[in-house]
Q: 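Once you've had a glance at the structure underneath, I'll fire off some questions.
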Amino acid sequence: MSKTTSPVRVRFAPSPTGYLHVGSVRTVIFNWLLARHTGGTFVWRIEDTDRERLVPGVIETMRETVRWLGVEWDEGPEVGGPYGPYVQSERLSIYREHADRLLEEGRAYRCYCSPERLAELRAEQQRAGLPTGYDRRCRDLSDAERAELEASGTPSAIRFRTPLDGTTTMVDALRGPITYENASLDDFIILKSDGYPVYHFGVVVDDYLMKITHVLRGQEYLSAGAKDILLHDALGISPPVYVHLPLVLAPDRSRLSKRHGAVAALEFRDLGYVPEALFNYLALLGAAYSGDREIYSREELIELFDIDRLNPASAVFDHRKLEWMNGYYINHALTLPDLADRCLPLLRDAGLVTDETPREYVEQVVGLVKDRIKLLPEVVELTSFFFTEPSPAPDEIAGRRLTPEEALPALERARERLEAVTEWSDEPLESAMRSLAEELGMKTGALFMSLRVAITGRTVSPGLFETMRVLGRDTTLARLSRAVDALSGVAA
RNA sequence: GCCCCCAUAGUCUAGCGGCCUAGGACGUCACCCUUUCAAGGUGAAGAUCGCGGGUUCGAAUCCCGCUGGGGGUACCA
């Protein structure tokens with residue numbers, strides 16, 4: 001397979017019927033990467049031709065989704081462009097015009113069959129175990145019959161006059177030529193009775209008019225690919241390069257859906273995934289760029305992406321790997337100020353941080369826990385003791401290795417020693433406590449654990465001494481005093 | 001049922017006729033580091049390249065069949 005070098009015009013054309021699924025987002029990403037890779041154009045088009053399934057407001061949500069991922073379209077709603085309008089419901093006259101032409105040329109015909117008849121027909125075919133499809137009742141109506149139906153005001157749709165025999169071949173860039181028997185196709189509707197185009201027709205007309213060179217779309221369109229080719233032939237135009245992207249599957253190999261957990265891209269944002277990680281993960285799902293690496297910056301992805309890097313097989317969406325990657329971005333890829341910016345709203349909502357909290361302090365705190373954050377919201381639980389006073393129970397302070405009677409004098413001594421430390425930084429703090437443990441004849445682990453619980457209220461925390469350092473001398477000593485008080489209440 | 005696509009470890013993949021005693025990553029396990037948990041480091045287990053036939057001096061790589069999985073079969077996209 002060859003490299004794509006000249007500037008492409010690609011598009012993503014969602015139907016405003018719901019949220020953007022991660023599989024759709026991956027399609028967006030591949031299209032966008034190809035556009036950027038070749039210095040081409042990424043077009044956004046709204047395919048709102050099914051008025052019954054329209055969901056108000058979702059166009060805005062979709063835009064929010066792709067912007068969150070750092071993707072912008074070059075042409076489309078709002079930004080405009082030379083081939084607008086970019087909303088199909090605003091292009092009805094265009095479809096009508098093309099449909100009329102096919103009608104005149106005998107490549108299409110009016111069908112007066114009612115939806116009820118069609119449903120009945122399908123039911124019968126299914127009952128008889130026959131392939132379903134239109135029986136072409138209106139294909140060869142006489143002029144008189146047609147005139148009569150028109151006069152009676154019977155609504156009509158426009159159907160494509162599919163060749164009865166022969167074959168049609170679509171070339172898919174990942175799979176090569178795919179040949180379909182025309183006989184297995186029926187006379188599909190291109191323009192509904194309400195004047196709106198049906199998918200394949202709208203797409204072919206718009207992609208042509210918008211000068212789309214490459215169509216990267218979901219595999220679900222592959223089996224009906226012959227319709228696109230037939231339509232191009234009838235309209236006397238050349239098809240674009242087709243790339244049918246494999247589906248995103250759930251772990252049980254079924255189509256990924258709500259019942260498998262998060263599927264809407266924005267849900268991942270709300271769960272605490274960073275867009276860089278989701279982008280990276282999705283760009284790698286069903287594709288590979290060098291085979292020996294998983295983490296790629298957006299720039300590298302643009303540089304390395306090409307159609308021949310895509311795998312034609314469906315891929316299972318692995319939450320665990322995404323989570324690993326998210327943790328990697330949080331711990332290694334984002335700068336500390338950046339990470340702090342993303343944690344701040346969460347800490348604020350949790351009531352841990354206010355406008356008075358020094359930015360510097362928040363950054364230091366986040367810096368101590370970032371290597372164990374997998375999902376952003378975890379920062380709250382991980383750092384709460386930096387912002388609120390813990391009050392561990394005496395036996396928690398003593399821990400599993402000490403009794404309160406043993407812990408009390410140890411912590412009293414520890415407090416004295418720490419108070420005497422002149423330079424409040426990691427090394428002096430650590431050596432002071434290590435020598436204390438030795439003097440007391442205690443295991444460092446036992447002493448450190450008591451200190452940890454006394455100071456953080458937890459048995460799990462960042463390194464003890466860096467925690468003390470960031471907490472500061474006063475807070476650390478105050479917490480130790482409280483712990484000593486708590487212990488003496490029991491040990492006395 | 002009919003039509004279409006796909007097929008390398010549990011998962012994502014490298015591989016495009018000899019470099020493969022099949023490489024990387026997630027996950028799993030072990031060890032190291034170590035004050036806890038992570039992170040990090042090292043290593044291990046895990047794939048008769050779905051199965052069966054060909055083609056070829058030689059096949060994970062090409063062809064055919066089978067099986068399995070997925071998709072489509074609407075006046076939905």
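By convention in this document, chain letters (A, B, ...) are assigned in the order of the sequence lines, proteins followed by strands, and residues within each chain are numbered from 1.
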Q: If pairing requires Watson-Crick or G-U wobble contacts with both distances under 3.5 Å, which nucleotide is the partner of B:U61?
A: none
Q: One character per nucleotide, please: for nucleotides 66-77 of chain B, 5' to 3', B when the base has a protein heavy atom closer than 4.0 Å, S when only the sugar-phosphate does, - otherwise.
A: ----SBSSSBBB
Q: Counting only N and O atoms by type, is there a donor-acceptor contact under 3.5 Å from the side chain of A:N326 to the main-chain atoms of A:L322?
A: no
Q: Between atom OH in A:Y296 and atom P in B:C12, what is the gap in whole Å?
A: 17 Å
Q: How close or far is atom P of B:U11 from atom CG of A:L256, stated in whole angstroms?
A: 16 Å
Q: Would you please test A:D207 and A:R45 for salt bridge (charged side-chain N to carboxylate O under 4.0 Å, His left out) and show each step?
A: CA-CA 10 Å; A:D207 284 346; A:R45 181 173 71 221; 2.9 Å; yes
Q: Which nucleotide, if any, forms a Watson-Crick or G-U wobble pair with B:U21, using both distances under 3.5 Å?
A: none
Q: Does a donor on one side chain and an acceptor on the other come within less than 3.5 Å for A:S384 and A:R458?
A: yes
Q: Any salt bridge between A:E47 and A:R217, counting N to O under 4.0 Å?
A: no
Q: Taking the same atom, P, in B:C49 and in B:C62, what whole-Å distance lies between them?
A: 15 Å
Q: Measure the distance from CZ on A:R452 to C1' on B:U34 and round it to the nearest whole Å.
A: 11 Å
Q: Round to the nearest Å and state the distance from A:L310 atom CG to B:C6 atom P.
A: 14 Å
Q: Taking the minimum atom-to-atom distance to the side chain of A:D292, which one of B:C3, B:U35, B:G24 wins?
A: B:G24
Q: Give me the distance, rounded to whole Å, that separates B:G23 from B:A60 when you measure between the P atoms they each carry.
A: 14 Å
Q: May I have the distance from A:L447 (atom CG) to B:U35 (atom P), rounded to whole angstrom?
A: 12 Å
Q: Report yes or no: do A:T65 and A:Y19 form a side-chain donor-acceptor pair below 3.5 Å?
A: no
Q: Please give the distance between the C1' atoms of B:A22 and B:C16 as a whole number of Å.
A: 14 Å
Q: So, A:N280 and A:Y328: side-chain donor and acceptor under 3.5 Å apart, yes or no?
A: no
Q: Here's a test of your reading of the structure: between A:V460 and A:P246, which maps to the more 5' nucleotide of RNA chain B?
A: A:P246
Q: If you measure from the Lys or Arg side-chain nitrogens to the Asp or Glu carboxylate oxygens, is any gap between A:K321 and A:D318 under 4.0 Å?
A: no
Q: Rounded to whole angstrom, note down the C1' distance from B:C66 over to B:G72.
A: 23 Å
Q: A:Y242 has an atom OH; how far is it from atom C1' of B:C5, in whole Å?
A: 17 Å
Q: Applying the side chain to side chain contact (heavy atoms under 4.5 Å, CB included) test to A:R479, which of A:P390, A:S391, A:P392 qualifies?
A: A:P390
Q: Go ahead and name the base partner of B:C66; Watson-Crick or wobble counts if both distances stay under 3.5 Å, otherwise write none.
A: B:G50
Q: Paired with B:C31 by Watson-Crick or G-U wobble geometry, both distances under 3.5 Å: which nucleotide is it?
A: B:G41
Q: If you look at every strand shown and take non-hydrogen atoms under 4.0 Å, does A:F465 touch a base, only sugar-phosphate, or nothing?
A: base
Q: Under 4.0 Å from any atom of RNA chain B, heavy atoms only: list the residues of residues 325-336 of chain A that qualify, in numerical order.
A: A:N331, A:H332
Q: When the aromatic ring centroids of A:Y273 and A:Y281 are compared, is their separation below 6.0 Å?
A: no
Q: If I take atom CZ in residue A:R293 and atom C1' in nucleotide B:A25, what distance separates them, rounded to the nearest angstrom?
A: 12 Å
Q: Suppose you measure atom P in B:C64 against the same atom in B:C6; what distance do you get, rounded to whole Å?
A: 12 Å
Q: Heavy atoms from C-beta onward define the side chain here; which of B:A7, B:U34, B:A38 lies closest to that of A:D371?
A: B:A38
Q: Heavy atoms under 4.0 Å, any strand shown: does A:G225 hit a base, just sugar-phosphate, or nothing?
A: nothing
Q: Just how far, in rounded Å, is P of B:U35 from CD of A:E427?
A: 14 Å
Q: Where do A:Y296 and A:F279 land on the ring-ring contact (aromatic ring centres under 6.0 Å, His included) test, with the steps shown first?
A: CA-CA 10 Å; A:Y296 297 91; A:F279 188 101; over 10 Å; no
Q: With salt bridge (charged side-chain N to carboxylate O under 4.0 Å, His left out) as the test, would you mind laying out the steps for A:R53 and A:D50 before giving the verdict?
A: CA-CA 6 Å; A:R53 292 202 308 155; A:D50 184 343; 3.2 Å; yes
Q: In whole angstrom, give me the gap between the P atoms of B:C33 and B:C51.
A: 44 Å
Q: May I ask you to say what A:P462 touches in the nucleic acid, namely base, sugar-phosphate or nothing, with a heavy-atom cut-off under 4.0 Å?
A: base
Q: On the nucleotide B:A14, are OP1 or OP2 found under 4.0 Å from the side-chain N or O atoms that A:N311 carries?
A: yes
Q: All N/O contacts under 3.5 Å from nucleotides 26-29 of chain B to the protein, with atom names and distances to one decimal?
A:
from: B:C26; atom 1: O2'; to: A:K321; atom 2: N; distance (Å): 3.4
from: B:G27; atom 1: O2'; to: A:R320; atom 2: NH1; distance (Å): 2.8

Q: For this output row, return yes or no: ring centroids of A:Y196 and A:Y95 closer than 6.0 angstrom.
A: no
Q: When the nearest nucleotide of RNA chain B is assigned to A:M449 and to A:A315 on a heavy-atom basis, which residue is associated with the more 5' position?
A: A:A315
Q: Determine the interatomic distance between C1' on B:G71 and the same-named atom on B:A77; round to the nearest Å.
A: 14 Å
Q: Quick one about A:R259 and A:S254 (side-chain donor to acceptor, distance below 3.5 Å, no hydrogens or angles considered), yes or no?
A: yes
Q: C1' atom, B:U13 versus B:U67: distance in rounded Å?
A: 24 Å
Q: Mind telling me whether A:H232 and A:Y242 have parallel, tilted or perpendicular rings, with 30° and 60° as the class edges?
A: perpendicular
Q: Across all strands, who's sitting opposite B:C76 as a Watson-Crick or G-U wobble pair, both distances under 3.5 Å?
A: none
Q: With a 3.5 angstrom cut-off on both distances, give the Watson-Crick or G-U wobble partner of B:C26, or none if there isn't one.
A: B:G10
